[in-house]
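Shown next, in C-alpha cells, is the structure this report addresses.
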Amino acid sequence: MVDYSIWVLEYAYVPDYARSDVIYGAHNEGTLKLPYCYVLLKSDERTVMVDVGYNFKEYGKTLAERFGVINWRDPRTVLAEVGVRPEDVDDVIITHAHFDHFGNVEEFPNAVFHIQEREFTKWLWSLTLPKQFSWLNGALDPGDMLRAAELAASGRLRLVDGDVEDVVPGIDLFGAPDSHTFGSQFVHVKNQRSNDSWVLAGDLRYVFENVTGRDNDGVYIPVGLASGSQLNLLLATERMMQLVDREERRIIPIHEERLSKTFASRETAEGLKVVEITLAAGEKSRVS
Amino acid sequence: MELMIVDQLPADLQKPAEIEHASSDLQDEFDLARRIIQGHSAIYLLGQVARGARIDELEHSLQATGTWIAELEHAVRMKAGYNSLATRLLSLIPDLFLTQSELGKFLRLSMAPGGDRYMPQRALALIRKANYGLRATFACTPLGNAFFASSCACEVRHLTRARREYCG
C-alpha cells in the first residue's frame, strides 16, 4: 500500500485570460488570472509529476510576450519549494500534449513519461487532412513531436491506451478521448492507507465552475477550449466525479487561481503559489 | 538535444519590410515544411513505441509526407529566383527526401512480420537537422515568430479567428 503527498506548484501565470476560454459560453464576461502549474506526487518510494510545464529556452520568451504569460520559473526553482530536484522525478504523467503541460521534458533526465497513444496517432492523422482542417494542427509544432521522438529513442516514453490501473503503484490513468484534446487523460491517486482519493484533471477542468456549475447548481459546464466534443468533456467530468464519490473538491483543476484559498498554501519569494492538497503520513508540510 | 537558433538573416533581408515580404510570400511553404517534419517525427515515434500503430497506417502517412515534400520542392523552386528565404528553404529539401527514404526503410524492415529490428537513428538525426534548418531559416521573421508554440493560447487565437470568419 502506498500513499502520496500532493502539491500543486505554480510556475507562471497569465494575469488576464479570457473567461470564455475556461468556461464554455462565458462570453463578454471579462478575464481572470490563469495560473500555470504542474503537480508533484511523492510517496516513500516514488516521485511522480503530472505534467512538466514548458521551458524558457526555446519558445518561452516568445510565448510570454505574445500571450501574456509572466513570472515563469524553472522546475529546479519551483520543485525546490517542496524539497525535490528534477532528477529525483521517476515518472511523469502527461495529461495532454499542449505546450504548457508537455514542453519541458528535457529538464527531467531520469523520468519515464506516460502519455496516451491516441494523442500522437490523432496528431498524425490530423496532419494528413486537407488544408481546410489545419486549425486542428495550429496547436502543434515540430519541436513538440521531435521531443517526444527523442524520448522514444531513449526508451523513456510509454504510450498508454485508454485506462490503465496502477500505471505506477497507487495511481490509475483514465483516457478522455476527443475531449480537450485528441488523447487527454486524467489521473486518479488512490491513497490506500488513508483511504483518500484524488483526481488530477489536467485541462478537463479549468476552474471550479466546470464541475460545480455557474450558480453552484451542479450542472457541469465544459471548458471553453476543446478540439474534441463538449459531450465527451461532460462524460469525463461524470467519470471523475464517480471516482471521488461525487466530492467535487477532490477533482483538482490546476489552472484554478482559487485553489490556493481552498487548500493550505503559501506564496513563494517569486510570487508563485504552492498548494498542498494532501500529506501522506510522516510527510512534513511545505506550506506552514 | 537542444537545438540552437541561428539569429542571423541573409544580407538582403536585413530590412523589416523585406523580411516581412519574403516570409509572407512563403506562408504555405512554411506550413507545409512544418507538417512534413511533424509527420516524419510522428511516424518515427509511432513506429518505435506505439502498440496500436499499424504499418499500413504509417505507410499511408509516409506516402502523404512524400507528396508534401514534392509539392514543397516545386513551390520553393519557383520562388527561389527572387526570394532568398525560399533559396534557404530549398536547401532543406534533400534532407527531407533522405528522411523519407530512411523512414521507408524503417517501416519495411522493422515492422514487417519476421523482419529485423531496424533502429532508424539516421532518420532521427535527419529530422533534427531539418527542424533546426526550418527554425534557422525563419528565425527573426514574422512567420518564424508567429508559428511558435503549440499552446492553448495559440488555439484561442485560431478559435477567435475562426469564429470571426465563419460566425460573423
Side-chain angles (χ1 to χ4, degrees), chain A residues 14 17-18 20-21 34 54-55 57-60 62-63 65-69 97-103 106 117-118 120-121 123-125 127-128 131 134-153 155 157-161 180 203 224-227 255, chain B residues 1-5 28 31-54 57-58 60-61 63-65 67-68 119-121 123-124 127-128 130-132 134-135 144-162:
Chain A
V14 183
Y17 197 81
S20 59
D21 290 323
L34 190 82
Y54 69 95
N55 71 45
K57 286 180 286 191
E58 292 183 4
Y59 305 142
T62 305
L63 284 171
E65 286 168 359
R66 291 186 66 218
F67 303 122
V69 184
H98 281 157
F99 88 102
D100 56 321
H101 299 257
F102 187 49
E106 63 272 31
E117 182 172 326
R118 185 181 177 83
F120 292 118
T121 54
W123 260 9
L124 184 55
W125 167 79
L127 284 174
T128 60
K131 190 180 177 183
S134 59
W135 180 81
L136 289 170
N137 305 321
L140 311 178
D141 74 53
D144 287 343
M145 197 63 89
L146 192 51
R147 273 188 286 274
E150 305 269 5
L151 280 178
L157 185 69
R158 302 259 167 86
L159 296 186
V160 299
D161 183 16
H180 179 59
D203 280 2
L225 200 56
S227 60
H255 286 298
Chain B
M1 185 185 80
E2 202 54 50
L3 297 168
M4 291 180 60
I5 292 287
D28 288 346
D31 286 341
L32 199 50
R34 282 183 59 200
R35 272 208 288 164
I36 292 163
I37 297 168
Q38 287 172 40
H40 279 165
S41 301
I43 290 163
Y44 171 86
L45 168 68
L46 294 170
Q48 288 261 14
V49 288
R51 287 172 302 173
R54 289 165 38 202
E57 289 170 350
L58 295 179
H60 174 78
S61 300
Q63 277 174 15
T65 55
T67 309
W68 300 339
M119 299 301 287
Q121 288 93 342
L124 183 59
I127 297 168
R128 283 181 190 141
N131 188 49
Y132 169 80
L134 183 68
R135 290 176 51 194
N145 291 334
F147 109 96
F148 297 119
S150 49
S151 69
C152 296
C154 197
E155 284 188 49
V156 172
R157 169 176 278 237
H158 282 275
L159 193 62
T160 306
R161 194 173 60 198

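Labels below follow one simple rule: chain letters A, B, ... track the order of the sequence lines, proteins then strands, and each chain is numbered from 1.
- Looking at A/Met145 and B/Ile37, their side chains never come closer than 4.5 Å, going by heavy atoms from C-beta outward.
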Side chain to side chain contact (heavy atoms under 4.5 Å, CB included) evaluation trace for B/Leu45 with A/Leu124: CA-CA 10 Å; B/Leu45 168 68; A/Leu124 184 55; over 6 Å; no

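- Nearest heavy atoms, A/Ala152 versus B/Gln48: CB-CB, 4.4 Å.
- Nearest approach of B/Ser41 to A/Ala149, heavy atoms of both residues: O-CB, 4.2 Å.
- Contact of the A/Leu146 side chain with the B/Ile127 side chain is registered, since non-hydrogen atoms from C-beta on lie closer than 4.5 Å.
- What you find for A/Phe120 and B/Leu46 is that their closest heavy atoms are CB-CD2, 4.0 Å.
- Using a 4.5 Å cut-off between heavy atoms, B/Asp31 makes no contact with chain A at all.
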Residues A/Glu117, B/Val49; criterion side chain to side chain contact (heavy atoms under 4.5 Å, CB included); working and verdict: CA-CA 9 Å; A/Glu117 182 172 326; B/Val49 288; over 6 Å; no

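- Closest approach of A/Leu127 and B/Gly39 over heavy atoms only: CD1-N, 3.5 Å.
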